[in-house]
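Contents: one structure, followed by commentary.
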Amino acid sequence: MVRLYGLLFLAEVVLAICALISCLSAEEGEIRALPRIAWVLIILFFPLVGSIAWFVAGREPGGQRPRTAWPMGNGFSEQDRRRRPVAPDDDPEFLSRLAERSRRDDQELLRRWEEDLRRREEDLRRREGDRDRPEV
């Protein structure tokens, strides 16, 4: 009789551990009825009843879906992907317009610097020319 109780106790512990692992590894969308922390506490305080309740009412029916390290696609067909707008950093037309705008801005900045340099040189020449003239 003691062996039977020991075996039942061991089965209860294994069931509780499996329920805890299942509860803690479930995605948020797969948990029903109560928040995750409530399920964990129920499983810990009432191992047999809590574990059975978790497997019956706590997780989504149909068991866990197989998980992959990376999702398989993004839900769009190949045809939809071609029609969808492209991110700006992937759009060659956008990148060429950006490069052209940058080139124009650089040329405008260079033109203004050259113009400012010429103006300063002329002012400097005028000042030096005024110093060279004798005062009357």
When rounded to the nearest 0.5 angstrom, what distance separates [atom1] in [X] from [atom2] in [Y]?
X      : Y      : atom1 : atom2 : answer
Leu110 : Asp105 : CG    : CG    : 12.5 Å
Ser22  : Trp54  : OG    : CH2   : 5.0 Å
Leu15  : Ile52  : CG    : CD1   : 6.0 Å
Glu128 : Asp123 : CD    : CG    : 11.5 Å
Glu93  : Arg97  : CD    : CZ    : 5.0 Å

Notebook entry, point to check: Taking a hydrophobic cluster as the set of Ile, Leu, Val, Met, Phe, Trp and Tyr residues connected by side-chain heavy atoms closer than 4.5 Å, whether directly or through intermediates, do Leu117 and Leu109 fall within one such cluster?
Noted result: no

Notebook entry, point to check: According to a 4.5 Å side-chain heavy-atom criterion applied to Ile, Leu, Val, Met, Phe, Trp and Tyr, with indirect links allowed, do Ile17 and Phe9 form part of one hydrophobic cluster?
Noted result: yes

Taking all atoms of both residues into account, what is the closest heavy-atom pair of [X] and [Y], and its distance?
X     : Y     : value
Arg32 : Arg59 : NE-O, 3.4 Å
Ile43 : Cys23 : CD1-CB, 4.2 Å
Trp39 : Ala33 : CZ2-CB, 4.2 Å
Arg36 : Glu28 : NH2-OE2, 2.9 Å
Ala38 : Leu34 : CB-CB, 4.0 Å

Any side-chain to backbone donor/acceptor pair from [X] onto [Y]? Under 3.5 Å, distance only.
X      : Y      : answer
Arg125 : Arg120 : no
Ser102 : Leu98  : no
Ser25  : Ile21  : yes

Margin query: One pair to check against salt bridge (charged side-chain N to carboxylate O under 4.0 Å, His left out): Arg103 and Asp106. What are the steps and the verdict?
Written below: CA-CA 5 Å; Arg103 207 173 8 262; Asp106 290 346; over 6 Å; no

Margin query: Looking at Arg119, I'd like to know if its CZ atom is crowded, meaning that more than 12 non-hydrogen atoms belonging to other residues, nucleotides or ligands lie closer than 6.0 Å.
Written below: yes

Margin query: Are more than 12 heavy atoms, taken from residues, nucleotides or ligands other than Arg111, located less than 6.0 Å from that residue's CZ atom?
Written below: yes

Next item on the list: Start with the C-alpha distance between Tyr5 and Leu10, add both sets of side-chain angles, then the distance that settles side-chain contact (heavy atoms from CB on, under 4.5 Å), and finish with yes or no.
Entry: CA-CA 8 Å; Tyr5 286 139; Leu10 185 63; over 6 Å; no

Notebook entry, point to check: Are Arg112 and Glu108 ion-paired here, with the side-chain N under 4.0 Å from a carboxylate O?
Noted result: yes

Notebook entry, point to check: Does any non-hydrogen side-chain atom of Val40 lie less than 4.5 Å from one of Phe45?
Noted result: no

